Amino acid sequence: MKYWLVKSEPFKYSWDKFNEDKKTFWDGVRNYQARNNLKEMKKGDLVLFYHSNEGKEIVGVAEVIKEFYQDPTTDDTNWVVVDLKPKHTLKKSVTLEQIKTDEILQHTGLIKQSRLSVMPFTEDQFNRVLLLGGMG
DNA sequence: GCCAACGTTGGC
DNA sequence: GCCAACGTTGGC
């Protein structure tokens, strides 16, 4: 199983909205590196949900329930989506501030490549987020 | 609102 | 194939 992190601006699509919807297809990815990451997601993989701009914190964990397929919001076959459903809400959000100063998490793409919207996490990094999020 | 980082586009 | 110009993202 693999681990990932996706970003969303809460203004556009928040964790709360995601929980109301019960599931969503992850659309709007228009960057090849992020797209390639989407394509590598397998059913059952766990995905951290990060609020960018507003909040700047990891708020929950989602699960991949359907692997990649053509993005229904465009005819351009370059772009794909995956289906996600909410799994856990973190007891405590893990803030960017914490991530930047944490020995394990400061090495994640969130810090090193701040513009990438879909990125892989290692198991260690993933577990560290759960621990800091009060889910350990 | 500004700016750094970085991806993409297009002229040559 | 290089590189300048431009656009977008996201932190501050």
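Computed from a prediction, not measured in an experiment: that's the story for all the values here. Quick note on labels: first sequence line is chain A, next is B, and so on, each numbered from 1.
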Quiz item: If you link I, L, V, M, F, W and Y whenever their side-chain heavy atoms are under 4.5 Å apart, who else ends up in the same group as A:L131?
Solution: none
Self-check item: Nucleotides bounding contact with chain A, strand DNA chain C, heavy-atom threshold 4.0 Å
Solution: C:dG7 to C:dC12
Exercise. Return the 5'-most residue of the pair A:K12, A:E97 with respect to DNA chain C, ranking by each residue's nearest nucleotide.
Key: A:K12
Quiz item: Applying the ring-ring contact (aromatic ring centres under 6.0 Å, His included) test to A:W79, which of A:F68, A:F25, A:Y69, A:Y32 qualifies?
Solution: A:Y32
Quiz item: Which residue pairs pass the ring-ring contact (aromatic ring centres under 6.0 Å, His included) test when at least one of the two sits in residues 36-56 of chain A, sequence neighbours left out?
Solution: A:W15-A:F49, A:F18-A:F49, A:W26-A:F49, A:F49-A:H51
Quiz item: Are A:Y13 and A:W4 co-members of a hydrophobic cluster defined by side-chain heavy atoms under 4.5 Å apart?
Solution: yes
Exercise. Give me the one residue out of A:L110, A:D124, A:V129, A:I58 that meets side-chain contact (heavy atoms from CB on, under 4.5 Å) with A:L105.
Key: A:V129
